[in-house]
Every structure is written in C-alpha cells, then in structure tokens.
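Have a look at the structure below before the remarks.
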Amino acid sequence: MLDKKGIAKRIAQELRHNWYVNLGIGIPTLIANYIPEGIDVEFQSENGILGMGPFPFEGEEDADMINAGKQTITPMPGASIFDSATSFAMIRGQHIQLTVLGAMEVADNGDIANWKIPGRMVKGMGGAMDLVASADNIIVAMMHTNKRGESKLLRQCTLPLTGVKCVKKIVTNLAVLDITPQGFKLIERAPGVSVEEIKNATEGRLIVEGDIPEMKID
Amino acid sequence: MNKLVANVQEAVQDIESGMTLMLGGFGLCGIPENCIAALVEKGSKDLTCISNNAGVDDFGLGLLLQKKQIKKMISSYVGENDEFERQMLSGELEVDLIPQGSLAARCQAGGSGIPAFFTPAGYGTEVAFGKEVRYFNGKPHILEHALTADFAIVKAWKGDRYGNLLFKGTARNFNPLMAMAGKITIAEVEELVEPGELDPNTIHTPGIFVQRIFQGEKYEKRIEQRTTRERLTVND
C-alpha cells in the first residue's frame with residue numbers, strides 16, 4: 001500500500017503540460033514535489049497567487065508570501081498576485097484544469113464531505129465548496145479508511161456535504177478509482193494490494209472488471 | 001483630498017459596541033494589526049466581525065475573541081484558533097461559516113451596488129439552506145446577498161492621503177474588496193507616501209473607497225507556518 005507521498009506521486013502522473021492546478025491543504029500539497037519531467041504546470045493558491053513555488057530557504061521567509069495552508073512560499077518566475085475575488089473568479093470561472101483535495105468521505109455518486117464533523121470539528125469550508133462546485137476535473141487524495149478502520153468510500157456520505165456529484169477520481173493508499181454512474185470503478189491497485197483488500201475496505205458500490213493492474217510509481 | 005488621521009485611536013474612535021466590522025487578511029497575512037490592538041484597548045463589545053479567518057489564539061482576531069468582544073463571526077475557515085472553536089461549539093459565539101469565494105464576491109458586491117448574485121458554491125450543502133435556487137446552463141446555483149459593514153478595516157503596504165492603496169504579496173487577499181464595502185473604510189499602511197509617489201498604474205484600491213488612512217507602526221507580521229527548504233550544498 002502507499003503512504004501520503006505515494007498517493008501524491010500517483011496523482012502527479014495526472015498532471016498535463018500547461019495546466020493550471022489548485023492543490024488543497026494536506027496530502028495534495030505534496031504533489032508539487034513530483035511534477036513529471038518535461039511538463040510545466042502553474043499552481044494556483046486560493047489566497048491570491050498564481051505561480052506558487054517552493055518553500056523559501058531558511059532566513060528568506062516572507063510573511064507577505066504564503067499559501068492557502070498559511071505556509072511561507074516563494075513565487076516562481078512568471079507568477080502573479082491578485083485579490084480574493086479575482087482568485088475565486090479563476091476557480092469559479094473554470095479556468096483551472098485540475099483541483100486536488102482531501103476528504104473525510106466520498107459517496108459513490110461523487111458527493112464529497114470534507115469540512116465538518118458536527119459537534120466535534122467545525123473548522124470551516126474555506127475555498128473547498130467553491131472549488132468542488134466549479135471544477136471539471138476533481139481528484140480526491142485520501143486514505144481509503146479512517147483511523148477506526150471504517151471505509152471512507154461510501155454508498156452515501158454521513159457527514160455534512162461540501163459538494164454534490166462532483167468528484168471524478170479518487171487516489172487512496174490502496175487504489176485508484178473513477179466515479180461512474182454505476183458507482184466506484186476500480187482502475188488500479190496500489191503496489192502489493194489485492195482486489196479483495198480493496199473490496200473489503202470499500203462500503204459503496206464497487207465495480208471490478210477484468211484484470212486490475214498495479215500502479216506504476218517510482 | 002486629505003483622509004489622514006493622526007493615529008489609530010483617532011481612526012477607530014467612533015466604532016461602537018454592537019457594530020458590524022469587516023477586517024482584511026488571510027490567516028495572519030495582511031491583517032490590520034494596529035486597529036485590532038486599538039479595538040482590544042477600546043473594549044468595544046458585541047461586535048459582528050466579517051473576516052476570512054479568526055486569527056490564532058493570541059494574535060489577530062484571537063485577541064478580540066479572548067476578551068469576548070465578538071458576538072458573531074462571519075468567516076470561511078477558523079481552524080487555526082482553538083479558542084474560537086471552543087466558543088463556537090459551546091454556543092458562546094455565533095458563527096456563520098460561508099464559502100471563501102462567496103465571502104469575497106459578497107464583499108465586492110456590497111461595495112459595487114450589486115445587491116445579490118447567483119453562485120454554484122454551496123449548492124446541495126447546508127450553506128444553501130433557505131436560499132433560492134436557480135438553474136443556469138442546466139446547473140444549479142444559489143442566491144447570495146451582498147455584505148456591507150459599518151466599518152471596513154484594511155491593511156496596506158503603501159498609501160497616500162487620497163486614500164489610494166497598494167498591497168504587497170499575498171497580504172492583499174480580502175483587503176481591496178472589503179475596502180469597497182465599508183460605510184467607512186479605515187486603512188492602516190506600512191508606508192504613508194506623498195500624492196504622486198504611487199504610479200497610478202500600480203494602485204490596487206483607488207482612494208474613493210477609503211475614508212481614513214494612517215501610518216501604522218510596529219508590525220509584527222507573524223508567520224503561522226514557517227516552512228523552508230534545504231539549500232543544496234555546492235552549486236545552489
């Protein structure tokens with residue numbers, strides 16, 4: 001099975017040349033470390049920067065240059081800065097080719113819940129609702145099961161929704177799955193993981209057709 | 001045009017308990033540090049604060065929360081502040097969590113004479129509860145209304161006595177939008193410059209939106225997550 005870096009590496013394979021990409025906080029931010037050779041992408045951060053680059057060297061941190069996770073970053077050559085309304089115009093106006101975010105639950109119709117556990121964790125949705133409502137291409141990066149071993153790929157979400165019928169693809173520590181009208185479709189297995197393991201960890205409808213290949217990751 | 005006020009105390013002197021304030025910033029980036037400190041000192045209570053985040057426990061809006069000066073928050077993400085989460089879960093603090101893009105657009109609309117607009121964000125979630133739904137291009141959208149405030153408090157890098165403002169880096173964020181939407185907009189700036197020093201092509205917020213401006217001081221500019229990368233040793 002994969003760790004967080006492995007999930008990020010696998011999703012990085014989905015990047016295409018000249019794409020604009022928004023990476024959510026958590027596992028998705030790691031994707032920036034694994035951009036495939038020979039392609040250029042520009043990362044957009046919802047707080048108002050396009051062309052987000054790596055963390056600064058020690059001693060060069062700039063309090064006025066942060067990403068959506070409030071981490072210090074640096075701008076790439078060709079970067080631009082803008083206000084929050086312009087930022088969400090890019091997002092809502094479908095100018096971004098790929099959105100990657102984490103989730104607590106994904107339903108087999110593409111519903112996603114990733115912002116609230118009533119009575120326990122109410123941090124807020126931030127830009128997530130705008131992102132999932134507007135993006136054509138949404139990949140969820142998450143663990144297949146939660147800390148109690150329960151499946152996070154469900155028939156129906158139990159937690160408050162972030163968006164409806166919006167997720168296209170999921171990459172977990174166990175598998176790559178597409179969302180289809182018939183439910184989750186298994187596309188790839190993580191290295192060393194069996195189809196049986198994936199079936200046992202998936203509560204929602206799961207379609208398994210033919211031989212399921214293993215992910216190819218360095 | 002002279003919108004200069006002598007200091008932060010003069011800038012906030014007629015902010016009263018019970019008022020609605022907008023405060024710029026994303027996390028701790030671009031927050032109006034001087035005005036927040038002045039409000040803590042003033043002791044204004046029962047405030048409704050519209051701000052993307054709630055600061056951290058001991059800085060930013062967290063300072064007003066600690067002193068229980070805030071009755072209601074309208075924000076998109078409050079995860080960095082444990083006191084906030086506690087006050088919210090216990091019912092001491094009223095909270096409206098709204099999508100960040102909708103917050104930005106609602107502030108901009110408030111200052112632009114657009115009373116309401118449709119957005120896809122939040123459709124099918126509890127954010128849509130009680131709101132009109134309309135379909136455009138076969139896709140559902142919800143009706144959101146403009147946000148305005150008694151005072152908008154913004155922080156800029158440079159400004160002049162006309163109220164023109166220039167922001168730096170990601171400290172821009174909500175500041176230009178909130179500047180438009182306050183009945184009275186107060187701007188604290190790191191550098192107060194003479195009219196004409198700012199190239200008109202570079203001004204982010206035209207002075208028409210700003211009623212009071214003052215030279216800020218002693219900015220802490222705290223960093224929430226100081227993340228760095230390693231230098232490669234030889235040829236970097």
Side-chain angles (χ1 to χ4, degrees), chain A residues 25 29 45-49 52 54-75 81-92 111 113 115-116 118-134 160-166, chain B residues 26-30 52-54 75-80 85 88-89 95 97-105 107-109 119-127 139-141 157 167-177 204-205 219-231 236:
Chain A
I25 57 181
T29 49
S45 193
E46 67 189 16
N47 58 312
I49 176 169
M52 183 176 74
F55 297 152
F57 294 123
E58 204 176 313
E60 292 177 9
E61 306 94 346
D62 179 355
D64 293 329
M65 191 59 66
I66 62 168
N67 66 12
K70 284 89 177 185
Q71 300 170 310
T72 44
I73 51 146
T74 56
I81 299 275
F82 35 86
D83 64 45
S84 301
T86 304
S87 177
F88 282 88
M90 287 176 199
I91 290 169
R92 223 188 290 105
D111 287 354
W115 73 281
K116 181 177 179 179
R120 265 184 47 210
M121 191 214 77
V122 195
K123 294 193 188 296
M125 70 291 279
M129 287 190 179
D130 296 272
L131 284 155
V132 304
S134 320
L161 295 182
T162 307
V164 296
K165 301 197 186 84
C166 44
Chain B
F26 180 93
L28 300 178
C29 187
N52 189 54
N53 311 102
S75 305
S76 83
Y77 189 81
V78 298
E80 281 90 27
E85 224 184 331
M88 175 174 57
L89 289 172
V95 180
L97 287 168
I98 69 181
Q100 196 182 150
S102 299
L103 176 61
C107 291
Q108 188 175 52
T119 171
Y123 170 76
T125 77
E126 57 188 63
V127 161
K139 206 177 133 180
H141 295 68
W157 179 31
F167 304 95
K168 183 153 159 287
T170 56
R172 191 186 316 193
N173 58 71
F174 285 84
N175 287 298
L177 315 166
H204 297 144
T205 293
Y219 283 103
E220 187 183 326
K221 286 190 165 189
R222 194 181 290 194
I223 291 176
E224 273 185 77
Q225 309 273 351
R226 191 177 294 268
T227 42
T228 56
R229 74 187 196 276
E230 297 208 348
R231 279 182 204 276
D236 199 29

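Computed from a predicted structure; not experimentally measured.
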Enter the distance from [X]:[atom1] to [Y]:[atom2] here, rounded to the nearest 0.5 Å.
X      : Y     : atom1 : atom2 : result
B:T170 : A:M52 : OG1   : CE    : 11.0 Å
B:L177 : A:F88 : CG    : CZ    : 11.0 Å
B:R172 : A:I49 : CZ    : CD1   : 11.0 Å

Heavy-atom side-chain proximity of [X] to [Y] below 4.5 angstrom:
X      : Y      : result
A:F57  : B:E230 : no
A:P160 : B:T125 : no
A:W115 : B:L97  : yes
B:Q225 : A:N67  : no
A:D83  : B:F174 : no

Main-chain N/O of [Y] paired to [X] side chain as donor or acceptor, under 3.5 Å:
X      : Y      : answer
A:D130 : B:G101 : yes
A:K70  : B:C29  : no
B:R229 : A:P54  : no
A:S84  : B:A104 : no
B:T227 : A:T72  : yes

Residue, of [options], that accumulates the most heavy atom pairs under 4.5 Å with chain A:
options                     : answer
B:G124, B:A121, B:A54       : B:A121
B:L28, B:I98, B:V127, B:N52 : B:I98
B:N173, B:N53, B:V95        : B:N173

Counting only heavy atoms closer than 4.5 Å, note whether [X] contacts chain A via side chain, backbone, both or neither.
X      : value
B:N175 : neither
B:E224 : both
B:S102 : both
B:P99  : both

Scanning both residues in full, the closest heavy-atom pair of A:A63 with B:K221 reads CB-O, 3.4 Å
Distance-minimising heavy-atom pair for A:I66 and B:F26: CD1-O, 3.8 Å
For B:R222, which residues count as a salt bridge (charged side-chain N to carboxylate O under 4.0 Å, His left out) partner, sequence neighbours excluded? B:D58, B:E220
Sequence neighbours left out, what passes ring-ring contact (aromatic ring centres under 6.0 Å, His included) with B:F167? Give chain and number order. B:H204
Pick from [options] with the largest number of heavy-atom pairs that fall under 4.5 Å of chain B:
options                      : result
A:R120, A:R92, A:K165        : A:R92
A:G48, A:G126, A:A133        : A:G126
A:D64, A:D62, A:I73          : A:D64
A:G163, A:A68, A:S45, A:P118 : A:A68

Pairing of B:E126 and A:K116 as salt bridge, 4.0 angstrom limit: yes
Is any side-chain N of the basic residue among B:R231 and A:E60 closer than 4.0 Å to the acidic one's carboxylate O? yes
What do the steps show when you test B:Y123 against A:V164 for side chain to side chain contact (heavy atoms under 4.5 Å, CB included), and what is the final call? CA-CA 8 Å; B:Y123 170 76; A:V164 296; 4.0 Å; yes
Compute both the distance and the angle, then confirm whether A:K123 meets the cation-pi test with B:Y77: under 6.0 Å from the six-membered ring centre, within 45 degrees of the axis. no
